[in-house]
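Comments concern the structure below.
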Protein chains: 2
Amino acid sequence: MEQSPARSSSVTVADVAREAGVSKATAARVLGGYGTVSAKVRDAVKAAASALDYRPNELARSMTTGRSGTIGVVVGDIENPFFSLAVRGITDVARLAGFNVILSNSGEDVAAEKAAIRTLVAKRVDGLIVSPAKEGDVEHLKDIERSGRPLALLDRSARSLNVDTVIADDRHAAESVTRLLIAQGHRRIAYVTACDTADHVFRTPEDIYTDSVRRRIEGHLGACREASLEGVEQWVCVGANRPEATRQIVMGMFRSTERPTAIIASDSVIGLEVFRVTRELGLILPDDLSLVSFHDADWTSVTSPPVTVVQQPVYQLGEAAARLLVGRLKGETGEGRRVVLDTRLIERASVGPAPSPAS
Amino acid sequence: MEQSPARSSSVTVADVAREAGVSKATAARVLGGYGTVSAKVRDAVKAAASALDYRPNELARSMTTGRSGTIGVVVGDIENPFFSLAVRGITDVARLAGFNVILSNSGEDVAAEKAAIRTLVAKRVDGLIVSPAKEGDVEHLKDIERSGRPLALLDRSARSLNVDTVIADDRHAAESVTRLLIAQGHRRIAYVTACDTADHVFRTPEDIYTDSVRRRIEGHLGACREASLEGVEQWVCVGANRPEATRQIVMGMFRSTERPTAIIASDSVIGLEVFRVTRELGLILPDDLSLVSFHDADWTSVTSPPVTVVQQPVYQLGEAAARLLVGRLKGETGEGRRVVLDTRLIERASVGPAPSPAS
DNA sequence: TTGAAAGCGTTACCAG
DNA sequence: CTGGTAACGCTTTCAA
C-alpha cells in the first residue's frame, strides 16, 4: 500500500519504468508489446503497471506510429434504418479487426460531408467509409486519396474515384420492380425519391446526383422503355427528403387528373409515409394503388397489406465496405475494387393488377 | 507555382512558418487561433498555410491541450431504433458544440462495455455518454469518474454513481399502461423484456439489472398490486433478447392453459416480434389479445390495428444527455444532475376489453 | 507583438 | 536484451 493507485493525473510509461526499476524504453517495450525483453523484466514491469493502474495514452501512441486504430464513417442519416443497419455491419467488422469507429452524420449535405471529412482526417483516422451525398461533388474525397488514407464508398459509387466501392444491384432491382408492375397492367408508375434537383423537377437521370438512386431510376426508365411507355419522366418525383415533402408529393399526385396506379418508394422512410398518406386518402392497397418500397424495413411485413419490397443486403453492404477498408489498412494494394451485392424482390400483397381506367 | 501542394507527407506548422518567414510559435498562434499577432503577419501565415494546403494534426493538438474534442458514446445496440434515434440527438448537440462522437456498441454485454470504455478513455475522449448494460456492474464507470472525465448516463441510471443522468419516466409510464389494461378487465398481463436473469426466471425486480426496465417492471407490478392481482410475477418474461427468443416466449404462453389476455412489450423490437407471432397464431387484436409496446417506433402506427405505445422522448433523451455532458466539458461543476423526461401514452386500437374467460 | 525552447506520452533508432 | 535519446506536431510559458 504505497499510495492510492487512483491518481487523477495519468500514469505514464516513465512512472511505470521508475517503479519497476528499468529504463523507459524497456518499460515501453513490454507495455507496447513490441521488441524483446526477458521474462523477468517483463513480469516486473507488468506488476508495476497494474500496481500503478497504468493506462496507455492512445493519442501519444498514434502520434508516433501514425496509426490511430480508428476508421471514420460518414453517412447521410444515422436515424434512417438503412444506415443504422449498415453502420452496425461496419462496426462489427471493425471491432473484430481492432478498429474503432468515429461516426459522422452529413444530413445528405455536401458542405457538412466536407466538414466531417476534414475533421476526421485531422483526427488522423486510418481510413474512411463514406456514403457520398452527391457523386458530382467529390473533390474532398479525392483529398482523402491524396492524403494516402484508404477510402471505401458505401452504397454509392463515384465514377471519378478509383476506390473500393460496395453497392447493391440497384439498377437490376428497379428493373424487376417496374417490369413486375407493368406486367400487372400498370402504366402510370410514380417513382418517389428523396434526391432533389435544382428546380425540383426531374428530366433525365443525369439530374440525380446520388449514384444509387440514379441507377435505380435508370433501371426503372429502362423497363418503361421496354414496354414503350411514354412520358415516364414526369412520373419521377424528386425532393421527398422529409415526411412532409413526401406527403405533399403524394397528395399532389392524387389531386391531379392523372393519378398513378402504382408508386415505387426509393427508400423505406418514403415508403412508410406513402403508406400513411394513401391510408389517409382512403385508398385500398392494392386495389386502388400498388406500392413497392426499397429496403426491407421492419414495418413493411406487418402492415395490411404487407408491402412488396426490394430486399437490400444492408448489413452485408456495411460489412463488405469495412472488410475492403480493413484489407487496405493491412497493406493490400491495387486498383479500387467494386463489389455489387444482389438484391431480392420480396413480393407481398401491396401489388396487384392496375385498376381499370374508369377514372 | 513553387511545387505541387499535394504532398503526401503532411505539412506542419514548422513548414508554414518557414514559408511565411516567421517563427513556429507565431505561425502556431494564427493557425491555432490563440494569442495575438499583427494583422500583417496573420495574413502572411494564412497565405502560406493555404498555399501549402496545411491541415492541422488534431492528434498533436490534443496531446498538448489534453482535450480531444471528442465524446465517446457506448450504447447497447445501434441497430435498435431507440438507440439510433438517441444517438442522433447526441450527435446533433455534440456537433453544434464542436465535438465529434466515437460510437461503440456493447451488445448489452458488460465485458464489451468495459472494453469499449477502456479504449475510449485510452483515446482520451473528453467525456462519455453510456447506457450501462447492468446497473450492478459499474466499477468501470467509476473509473471514468476517477479519471476526471465527465460521464453522463443515458436512459439508465445507476444509484451508486453520482453522475448526470437522463432517463424517461418509465415507472409512471408502466403504471399507466397496466392501469389502462386492468381498467379494461385484464387480469393476466404479460410483461416481456429482453433483460435476462441467471436462471431465465423472474422473481423480483431486484433480479433485473437494467435500470430502466426495472423501473418499468416496478411500475407495472405496483399497478397490479393496486388491483390486488395475484401471482403477477410469473407473468413477467425475461430473456427476449433476440426475435427467436421472443417468439419462443410468446408461443409458449399461448400453448399453456393459462393464456395472457394482454402483453406489454418492453421495447419496440420485442413489440414487433410479438405482433408478428400473434398474427401467425391467428389471434385478432384486440379481441383475443391486447398489446402495448414501449417506444413509438414507426411501424406501430401503420399496422392493423395500430399499436398502443408509450411514447418516449428518445431524441430528447440523447439531446439532454449530450447537453449535460457538454455543460460539464465547459466547466460546470457540482453534484450529478438527474433529468427525468415525461412519457406519453398513445392509445391506439390494439387495446380492448379483456376477452370473457370462456377459454 | 514575436521568438526560443520546454514539454505532452509514446515509439523508434542506435549503441552498448 | 537493455538503455539513452531523438523524434512526432502541436501548445505554452518565458523573455525579449
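Computed from heavy atoms alone, side chains included, the values below leave out hydrogens, waters and symmetry copies.
In this structure, B/Leu151 and B/Leu161 have side chains that are in contact, with non-hydrogen atoms separated by less than 4.5 Å. Looking at B/Leu120 and B/Ile102, their side chains come closer than 4.5 Å, going by heavy atoms from C-beta outward.
Between A/Met63 and A/Arg67, the one whose closest nucleotide on DNA chain C sits nearer the 5' end is A/Met63.
Salt bridge A/Arg124/A/Glu58: absent, no basic N to carboxylate O contact under 4.0 Å. With respect to B/Arg88 and A/Asp77, a salt bridge is recorded, a charged nitrogen being found less than 4.0 Å from a carboxylate O. Taking 4.0 Å as the cut-off between side-chain N and carboxylate O, A/Asp15 and A/Arg18 count as a salt-bridged pair.
Counting all heavy atoms, side chain and backbone alike, B/Arg328 lies closest to B/Pro150 at CB-CB, 3.6 Å.
A distance-only check finds a donor-acceptor pair linking the side chain of B/Ser131 to the backbone of B/Leu154 [under 3.5 Å]. Checked by atom type and distance alone, the side chain of A/Arg156 never pairs as donor or acceptor with a backbone atom of A/Thr210 at under 3.5 Å. For the pair A/Asp126 (side chain) and A/Ile71 (backbone), a donor-acceptor distance under 3.5 Å is absent. Put simply, the side chain of A/Thr165 gets close to the backbone of A/Val163: a donor and an acceptor are under 3.5 Å apart. Between the side chain of A/Ser62 and the backbone N or O of A/Arg67 there is at least one donor-acceptor pair closer than 3.5 Å. Although no hydrogens or angles enter the test, the distance criterion places a donor-acceptor pair under 3.5 Å between the side chain of B/Asn105 and the main chain of B/Ile78.
Of the residues listed (B/Arg337, B/Arg338, B/Glu335), the one engaging B/Asn162 in a side-chain hydrogen bond (donor to acceptor under 3.5 Å, both in side chains) is B/Glu335, and it is the only one.
Residue-level contact check: A/Ser38 touches the backbone only, with heavy atoms under 4.0 Å from sugar-phosphate atoms and none from bases. If you check every strand for non-hydrogen atoms under 4.0 Å, B/Thr65 touches sugar and phosphate atoms only.
Scanning DNA chain C 5' to 3' for nucleotides with an atom closer than 4.0 angstrom to a non-hydrogen atom of chain A gives a first and last hit of C/dG9 to C/dC13. The span of DNA chain D lying next to chain B, judged by atoms under 4.0 Å from heavy atoms, is bounded 5' to 3' by D/dG9 to D/dT12.
Note that the two end axes of the helix from C/dT1-D/dA16 to C/dG16-D/dC1 enclose an angle of 40°, each drawn from 5 base pairs, rounded to 10 degrees.
Contacts between residues 114-123 of chain B and DNA chain C, counted as heavy-atom distances below 4.0 Å, involve no residue at all. The stretch residues 54-62 of chain B touches DNA chain D through B/Tyr54, B/Pro56, B/Asn57, B/Ala60, B/Arg61, each having a heavy atom under 4.0 angstrom from the strand.
The number of heavy-atom neighbours closer than 6.0 Å to OH of A/Tyr315, taken from other residues, nucleotides and ligands shown, is above 12.
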For residues 136-145 of chain B, please give each side-chain donor-acceptor pair under 3.5 Å, one per line with the distance, not counting sequence neighbours.
unit_1   : atom_1 : unit_2   : atom_2 : d
B/His140 : NE2    : B/Glu113 : OE2    : 2.8
B/Asp143 : OD1    : B/Arg146 : NH1    : 2.6
B/Asp143 : OD2    : A/Arg55  : NH2    : 2.9

